[in-house]
Each structure stands twice: as C-alpha cells, then as structure tokens.
Amino acid sequence: MNSDHVGLLTVRVWRGREEGRFETYRVPARANQTVLDVVTEVQRSQEPALAYRFACRVGVCGSCAMTVNDRPRWTCRTHVARVREEGILTIEPLRNMPRIKDLACDLTPFFEKWQKAGGRHVATASRRDPLQKIDPRSKPRLAASAAIECINCAVCYSACDVVSWNAGYLGPAALNRAWTLVNDARHGARHETLDRAFADGGCASCHSQGNCTRHCPVELSPSESIAGLKRSALFGAPKLREPA
Amino acid sequence: MMERRFFLLQRLSALVLAPLVLVHLILILYAVRNGLTADEILGRTQGSLAWALFYGLFVVAAAVHAPLGLRNILREWTALGDRAAAGLAAAFALVLLLLGLRAVVAVVG
C-alpha cells in the first residue's frame with residue numbers, strides 16, 4: 001500500500017468545536033491522492049477520534065465539503081497536488097455554520113434558509129393529470145436548467161462573505177434554488193417564492209462579490225441567479241407560457 | 001415587500017441620477033472656464049424653469065437614492081438596529097431634500 005509514496009505531507013487539521021486548535025499530522029504523500037484520502041488516512045492511522053463527514057467519495061453527494069487552505073472545496077474532488085502550499089495542507093470545517101466536532105459542521109441553518117427562501121416545490125398537478133409539457137428551449141426553462149444541478153453542499157454558503165457578516169442573509173444556494181422555482185411553470189407558488197427571495201435578508205442583500213460562483217464545485221452561477229431575482233424586482237417574475 | 005420597494009427605488013433613482021450627474025459635471029467644467037462668479041451662475045439660473053426642473057429632479061432623486069444606501073451601510077457596518085438605521089436614513093433624506101430644494105429656490109428664484 002505504501003509503495004507509491006513519495007515523501008511526507010504535513011497536514012494541519014482543526015480539532016474541537018468553535019474553540020479548538022490545529023493539530024499537525026504527517027502522512028505519506030502519494031502521487032495520486034485527494035484531500036479526503038488524506039483525512040481518511042489521518043483518521044485510520046493516527047487519530048481514530050477525528051470527526052468528519054463523507055458519503056459517496058466521487059463528487060455526487062456533496063457531504064465532504066471542508067475548508068482546505070482557506071477555500072471551501074469538495075475534499076473528494078480536490079487533488080492534494082493542486083492545493084498544497086509548500087507541502088502543507090490546512091483543513092478546517094466549512095465557514096458560516098456552527099461546528100459540531102473537528103471537521104463536521106451543522107448544516108441546519110443552511111437548510112432552514114433553503115425553506116425560508118421559498119425553495120419548496122408546490123405541485124400544480126397530481127399523478128393522475130397528464131404530464132405538463134415544458135418547452136426545453138424556452139427562456140425560463142433554460143434559466144431554471146442552468147441553476148438546477150445544485151446538490152446543497154454548502155460550499156457557496158461557506159464562501160460567501162455577506163453570510164459571514166449578516167447571519168440573516170439567505171445565501172447563494174437558497175436564492176439560486178428560489179430562482180429555479182420562479183422560472184418553473186410547474187411550481188404553484190412562483191410569486192410567493194419571489195416575495196420570499198426579496199424579503200429582508202434576501203437577494204437585495206447580495207453584494208455581487210461572486211465568491212459563490214467562483215467556488216461552486218458544479219460550476220453553477222448563483223450570482224447570475226441572484227441577478228435574475230433582482231431584475232424581477234423591476235420587471236416581475238419571468239413571463240411563462242401556460243404549460244400545454 | 002418593503003425591501004423590494006427600497007431596492008427598486010434605489011435602482012430607479014440611480015437611473016435618473018446618472019444622466020443628471022453627467023450634465024452637472026459638464027456644466028461645472030463649462031461654468032468655471034472664465035473663473036467662477038456668483039453673477040455668472042445667477043445669470044444662468046435665475047428665472048429659468050428648465051434649470052429649476054433639472055436641479056429639482058436632481059435633489060429629489062439624490063434624496064431618495066443616498067439615504068437608501070446609507071441605510072444599508074448602517075445595517076451592515078454598525079450595531080444599530082434596523083429601526084434606528086431606517087430612522088437615521090429617513091432623517092438624512094429630509095435634510096438632503098430641504099437643503100437641496102432651498103438651494104434650488106435660492107439660485108432660481
């Protein structure tokens with residue numbers, strides 16, 4: 001197992017909750033290793049009590065997001081060679097959320113804001129109704145499709161400076177979700193979602209700094225979605241043709 | 001709804017202000033070409049309905065635009081509550097409006 005190792009890597013890992021300290025570990029540096037591999041190696045070989053979160057290991061679930069050398073990332077999709085600085089990795093939990101233990105944080109406020117921004121789909125048809133037809137090339141559908149692939153990993157929420165100074169701000173992911181629903185002809189509460197996205201702490205609080213878009217691991221642009229919501233203040237929700 | 005209205009008002013007032021500020025800046029360059037005298041300024045503005053409307057609109061747009069931005073800054077950068085920030089911004093709006101309109105009356109009337 002150690003045959004491919006090429007020296008040692010220094011890893012500083014956050015231990016504790018809000019109060020805590022960095023502990024330093026040395027693990028074999030390998031030619032091909034992700035940050036999640038490193039965390040797992042630390043936990044299995046040196047620090048069994050280290051708490052962290054992961055599930056799929058292949059960039060599908062979004063649960064392994066952490067702050068690596070000051071930037072939020074999916075650790076499973078981040079190769080060490082790409083991010084280490086002078087042979088050192090510094091790994092912390094995501095920003096802007098309460099810390100539970102070590103590298104795991106509590107995403108409850110993040111998901112609560114998702115709901116607060118009107119992110120719950122309201123059905124307009126039941127399974128007994130015929131399928132609603134949506135033109136995949138219509139402008140609103142294209143806008144929704146461009147933003148729909150969010151998997152709630154909270155990387156954008158962690159990257160957002162506005163969230164860091166304004167705890168009431170809904171954040172990029174929740175507003176991005178609201179924008180997809182505002183553009184969805186099958187959503188029964190489009191105007192309510194728009195109202196919620198514009199409530200106090202909503203899209204008007206965004207400073208368009210673009211950290212969300214810069215860090216989004218699936219390369220979505222919450223900035224663009226929020227700009228769409230802002231435009232709707234002037235022009236109203238995007239006009240949709242009634243689904244056939 | 002309130003936030004949405006404030007957001008909209010700030011953008012719309014900016015839209016009004018942008019050309020007015022440009023004309024105002026050009027006017028400054030034009031006005032100082034032979035040195036700046038009160039006589040020259042008053043000669044241009046007194047009795048002029050066009051300048052009264054121009055600067056009247058300018059003052060109203062600025063009195064809407066600036067306090068909304070000030071409210072945001074106070075809410076984000078100070079420990080003031082939302083109501084205190086809104087109160088201060090409203091007071092600032094009133095000051096801008098009164099001083100601005102008084103100045104317009106003074107140079108046009």
Side-chain angles (χ1 to χ4, degrees), chain A residues 95-96 113 116-119 157 159-172 174-175 178-179 181-183 189-212 222-238, chain B residues 1-25 53-54 56-97 100:
Chain A
R95 228 171 37 132
N96 298 338
K113 286 177 179 180
K116 205 174 162 196
Y157 188 80
C160 178
D161 281 344
V162 180
V163 176
S164 73
W165 76 64
N166 175 3
Y169 176 48
L170 296 174
L175 292 169
W179 177 239
L181 286 178
V182 164
N183 279 286
R190 292 172 58 234
H191 294 283
E192 195 205 335
T193 298
L194 189 59
D195 287 346
R196 283 171 172 239
F198 248 106
D200 198 15
C203 60
S205 300
C206 168
H207 281 239
S208 308
Q209 289 174 328
N211 280 331
C212 50
S223 309
E224 217 169 297
S225 300
I226 294 169
L229 288 170
K230 286 176 174 174
R231 275 197 304 279
S232 305
L234 191 56
F235 302 112
Chain B
M1 281 321 274
M2 217 50 189
E3 288 305 314
R4 190 165 168 181
R5 244 170 244 153
F6 284 156
F7 179 84
L8 197 57
L9 271 176
Q10 199 181 17
R11 267 63 190 175
L12 290 177
S13 56
L15 219 64
V16 173
L17 277 171
L20 299 185
V21 168
L22 272 181
V23 172
H24 178 63
L25 290 175
L53 286 176
F54 179 89
L57 184 63
F58 200 128
V59 165
V60 172
V64 169
H65 186 80
L68 287 173
L70 182 69
R71 171 177 168 268
N72 289 342
I73 294 169
L74 289 174
R75 291 177 73 187
E76 286 185 3
W77 288 87
T78 69
L80 286 175
D82 291 351
R83 295 187 73 162
L88 275 177
F92 183 57
L94 209 62
V95 169
L96 280 185
L97 195 66

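In this text the structure is predicted, and so the values were computed from the model without any measurement. Letters go in sequence order (proteins before strands), and every chain restarts at 1.
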_If I measure from the heavy atoms of chain A, does B:Arg5 come under 4.5 Å with its side chain, its backbone, both, or neither?_
neither
*Could you look at B:Asp82 and say if it's the side chain, the backbone, both or neither that has a heavy atom under 4.5 Å from chain A?*
side chain
_Between B:Arg71 (side chain only) and B:Ala90 (backbone N and O only), is there a donor and an acceptor less than 3.5 Å apart?_
no
*Measuring heavy-atom distances to chain B, does A:Asp200 have an atom under 4.5 Å in its side chain, in its backbone, in both, or in neither?*
both
_Given heavy-atom pairs under 4.5 angstrom as the criterion, report whether the side chain, backbone, both or neither of A:Ala233 touches chain B._
both
_Which heavy atom of A:Ala237 sits nearest to which heavy atom of A:Val182, and what is that distance?_
CB-CG1, 4.2 Å
*Taking all non-hydrogen atoms of both residues into account, name the closest pair between A:Arg95 and A:Cys160 and its distance.*
NH2-O, 3.6 Å
_Interatomic spacing from OG1 in A:Thr193 to CG in A:Asn183 - rounded to 0.5 Å_ = 11.0 Å
*Sort out for me which of B:Gln10, B:Arg11, B:Glu3, B:Met2 touches chain A most, counting heavy-atom pairs under 4.5 Å.*
B:Glu3
_Geometric class of the B:Phe58/B:His24 ring pair [parallel <30°, tilted 30-60°, perpendicular >60°]_ = perpendicular
